[in-house]
Amino acid sequence: MYMRRMLRCTRSQKSLLSWVVTLLFTSYICFNVYSSYSVSVNENTNNYNQRKVPEKWRKRPLLYKEGATIKKSSYLQQGVVSKIYNGQHKNLLQREKDDEQAKALRTNKLDEWDEEEWQTVENVPAVTNINTNTLKPIISDLGENVYEEKEIVSILQNLRGGSTKSPISDFQKIRVHVSDELGEHYLSFKEYKKWKFQKFVKEIANPVPKSEQPPQIFPYDNDIPRPNPHMLIKDMSIVIDDVGISTETRNDRLRRLALGDEDSNKLPDVQAVIQQSTTSQLKIPNLIHFIWFGCRRFKVHNYISIFSAYEYQEPDLILFHTNCEPNGTYWEALKQTIDSKLRIVKRSPPTTIWGHPVQKVEHQSDVARLEILLETGGIYMDDDVVVLKSLDSLRNNEMVLGEENYDALANSIIMASPNSWFLKKWFTYYKDFNDTKWSESSCFVPWSLWHLFPSTINVVKERMLRPNWEEIKFLYHELWDWRDNYTVHLYSRFMVNVDGTPERSLQELSVLNTTYGEIARYVLWKDPKIRDITEWMV
């Protein structure tokens with residue numbers, strides 16, 4: 001009866017029945033397949049947990065250590081290598097490369113790693129704010145601790161800062177992880193210092209490309225049009241107004257003494273040097289003067305300048321005239337180094353000259369250097385002029401200046417007897433001084449006097465103040481042969497524009513492959529060659 005009723009169903013009822021039967025059959029099939037797959041996965045997982053990592057993986061530093069726990073304070077914490085350890089890396093089970101391709105030797109040939117795997121590790125963000133007190137590095141198969149470079153730097157900084165605690169008991173048993181354009185490396189501490197030095201040399205030694213041929217300095221052509229010296233020198237008389245000069249310098253000396261300044265001419269050491277020079281065949285005392293107006297930090301090129309005078313001129317005395325003693329490490333080092341020859345003389349800057357106001361500090365120094373040489377004679381030097389060889393062969397003259405340009409004698413180094421006619425004549429032409437005009441009284445007037453009274457002065461043309469400021473790239477970009485020069489002017493005011501920095505560190509000067517670098521090494525270490533400062537690197 002029931003079957004008859006089923007056969008008598010309508011067309012729509014038959015369609016619905018067919019759909020239900022199909023659905024039940026499909027569900028049954030899917031259930032069986034899923035159950036079979038689950039059993040297979042569980043069996044494979046159990047098999048993998050019992051499987052040993054291939055021998056070739058054991059030779060890869062830092063990737064596998066049986067029973068090790070990830071504790072590295074670096075990208076290893078980020079889970080990338082953890083996934084490799086736990087078998088989650090998609091290529092781990094499929095990797096069947098031979099031993100030669102799989103090796104990552106202790107010599108840091110990490111380029112042999114599979115590229116996809118290495119990129120995974122490489123792209124993890126770097127760790128910041130490292131706490132060296134909590135470092136627990138992974139120990140490699142060779143029993144060595146491995147640290148990131150940032151970690152090593154932080155540890156060493158703490159040790160230099162006085163810390164007595166270090167997570168590293170023996171630096172010879174560690175590896176340092178570094179990277180460069182050639183890839184990733186794991187270096188011993190000794191290799192790391194050498195790598196650091198080579199990287200430093202590459203970054204610092206050659207700030208700009210050099211010319212194909214080393215630069216040369218040539219005398220100025222006599223055919224170059226030059227200004228008429230009579231434009232500035234109106235009085236052609238050889239008579240000197242000694243009374244006027246004495247009055248002008250005495251008035252300024254009284255003003256300075258009222259301010260608490262010292263009279264350098266009455267210092268016992270100075271008097272002894274002057275007395276010795278009167279019996280010498282050399283007319284210019286071996287007394288060096290530097291002027292320092294204003295409170296400033298003493299920089300490395302200032303140290304190089306004064307130390308070069310001490311080292312290569314071997315003066316009887318160095319007088320440092322200042323109204324504010326410099327500060328800084330290099331100043332303290334200089335005082336300790338040349339203490340026996342250095343005398344600090346309190347001197348206030350001049351405010352007037354022959355009734356004209358002197359306001360610019362550069363012009364105050366211009367006036368003061370002439371007054372000092374009129375008092376004691378000797379050798380005045382700017383604090384960025386470097387002495388390269390003894391000036392004694394020039395001291396048998398009454399007056400010596402260097403030609404800086406075809407129309408200028410610079411006053412950055414002046415060698416003079418206190419009785420020099422040229423010095424006195426030059427000083428009298430400050431009666432026309434104008435504080436708004438740059439270089440007129442300091443450079444153009446002595447150049448004009450030289451052309452009108454050439455026998456009263458010895459001018460050194462190429463070996464004292466060349467390269468000049470127009471040739472300054474010879475110093476900071478090139479390797480120019482400076483060995484024949486008596487002195488070189490560094491023009492430190494332009495250093496930041498040409499050398500890219502207002503000051504170089506001793507580390508940079510050790511490897512700087514420029515004229516300035518060679519000169520600095522010649523003064524500081526008596527050898528212009530690039531120094532191996534591997535031990536300074538960390």
Side-chain angles (χ1 to χ4, degrees), residues 226-256 263-266 270 274-275 277-285 287 289 350-358 363-380 394-404 407-435 437 439-461:
R226 290 172 170 81
N228 187 340
H230 291 286
M231 294 174 60
L232 296 176
I233 308 301
K234 307 296 184 183
D235 180 12
M236 290 296 294
S237 172
I238 61 172
V239 177
I240 297 296
D241 183 10
D242 286 313
V243 175
I245 293 174
S246 178
T247 301
E248 180 66 22
T249 55
R250 183 183 69 250
N251 289 339
D252 188 65
R253 181 171 64 256
L254 293 175
R255 177 191 66 84
R256 289 185 286 102
D263 188 347
S264 59
N265 209 18
K266 293 184 178 181
V270 175
I274 294 175
Q275 181 63 32
S277 66
T278 58
T279 60
S280 170
Q281 296 180 349
L282 301 179
K283 300 175 182 178
I284 299 174
L287 180 64
H289 304 273
T351 56
T352 62
I353 180 67
W354 298 104
H356 302 292
V358 185
H363 291 165
Q364 291 173 340
S365 178
D366 289 342
V367 172
R369 67 192 68 177
L370 296 188
E371 291 179 339
I372 290 170
L373 291 174
L374 286 168
E375 293 170 5
T376 64
I379 305 169
Y380 166 81
L394 302 173
R395 288 175 51 214
N396 59 350
N397 298 280
E398 289 278 349
M399 184 78 182
V400 180
L401 288 175
E403 183 183 38
E404 185 181 57
D407 61 352
L409 299 182
N411 66 346
S412 48
I413 176 169
I414 308 171
M415 302 176 63
S417 161
N419 299 316
S420 165
W421 179 91
F422 190 99
L423 179 64
K424 293 177 180 180
K425 191 71 170 178
W426 185 3
F427 185 75
T428 60
Y429 268 92
Y430 267 82
K431 291 178 179 180
D432 301 325
F433 173 73
N434 188 333
D435 200 40
K437 293 183 178 180
S439 296
E440 181 177 275
S441 296
S442 59
C443 298
F444 302 142
V445 165
W447 180 87
S448 300
L449 287 171
W450 169 41
H451 280 77
L452 296 174
F453 305 98
S455 63
T456 60
I457 183 175
N458 179 21
V459 173
V460 181
K461 293 192 173 180

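The two residues Pro418 and Gly377 have their closest heavy-atom pair at CD-CA, 3.6 Å. Pairing each heavy atom of Ser365 with each of Tyr380, the nearest pair is OG-OH, 3.8 Å. For Thr249 against Ser246, the heavy-atom pair with the smallest separation is OG1-O, 3.1 Å. The nearest pair of heavy atoms linking Ile414 to Met399 is CG2-CE, 3.5 Å. A pairwise comparison of heavy atoms in Ser442 and Asp366 identifies CB-OD2, 3.6 Å as the closest pair.
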Between Leu232 and Trp447, does a side-chain contact (heavy atoms from CB on, under 4.5 Å) hold up when you go through it step by step?
CA-CA 10 Å; Leu232 296 176; Trp447 180 87; over 6 Å; no
Taking it one step at a time, do Arg255 and Thr352 satisfy side-chain contact (heavy atoms from CB on, under 4.5 Å)?
CA-CA 11 Å; Arg255 177 191 66 84; Thr352 62; over 6 Å; no
Please lay out, stage by stage, how His289 and Thr376 fare under the test side-chain contact (heavy atoms from CB on, under 4.5 Å).
CA-CA 10 Å; His289 304 273; Thr376 64; 3.2 Å; yes
For a side-chain contact (heavy atoms from CB on, under 4.5 Å) check, start with the C-alpha distance between Ile457 and Leu449, then their side-chain angles and the critical distance, and finish with the verdict.
CA-CA 9 Å; Ile457 183 175; Leu449 287 171; over 6 Å; no
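Between atom CD of residue Gln275 and atom OG of residue Ser280 there is a gap of 12.0 Å, rounded to the nearest 0.5 Å. In this structure, CG on Asn265 lies 11.0 Å from CG on Leu374, to the nearest 0.5 angstrom. Put simply, CD1 on Ile245 and CD on Glu371 are 11.0 Å apart, with the number rounded to the nearest 0.5 Å. We find the CD-OG distance between Glu398 and Ser455 to be 11.5 Å, quoted to the nearest 0.5 Å. Once rounded to the nearest 0.5 Å, the distance linking CG of Leu423 with CG of Leu370 reads 6.0 Å. One distance of note links CG of Leu409 with OG of Ser448; it measures 9.0 Å at 0.5 Å rounding.
Legend: residues meeting side-chain hydrogen bond (donor to acceptor under 3.5 Å, both in side chains) with Asn228, ordered by chain and number and at least two apart, are absent. Partners of Thr247 by side-chain contact (heavy atoms from CB on, under 4.5 Å), not counting sequence neighbours, listed by chain and number: Val243, Arg250, Asn251. Evaluation of the side-chain contact (heavy atoms from CB on, under 4.5 Å) rule for Val239 yields Ser237 as partners, not counting sequence neighbours. Asn397 pairs by the side-chain hydrogen bond (donor to acceptor under 3.5 Å, both in side chains) definition with nothing, not counting sequence neighbours. For the ring-ring contact (aromatic ring centres under 6.0 Å, His included) test, residues two or more places apart in sequence or in another chain that qualify with Phe427 are Trp354.
The shortest side-chain heavy-atom distance between Phe433 and Glu440 does not fall under the 4.5 Å cut-off. Two residues are said to be in side-chain contact when any heavy atoms from C-beta on lie closer than 4.5 Å; Phe444 and Pro227 fail this criterion.
Between Glu375 and Arg256 there is a salt bridge, since at least one side-chain N of the basic residue sits less than 4.0 Å from a carboxylate O of the acidic one.
Put simply, the side chain of Arg369 gets close to the backbone of Asn411: a donor and an acceptor are under 3.5 Å apart. Distance alone, capped at 3.5 Å, is enough to place a donor-acceptor pair between the Arg395 side chain and the Ile284 backbone.
Counting non-hydrogen atoms of other residues, nucleotides and ligands closer than 6.0 Å to CE of Met231 gives a total of 12 or fewer.
Residue pairs satisfying the side-chain hydrogen bond (donor to acceptor under 3.5 Å, both in side chains) criterion with at least one member in residues 419-432, sequence neighbours excluded, are listed as follows: Asp242-Lys424.
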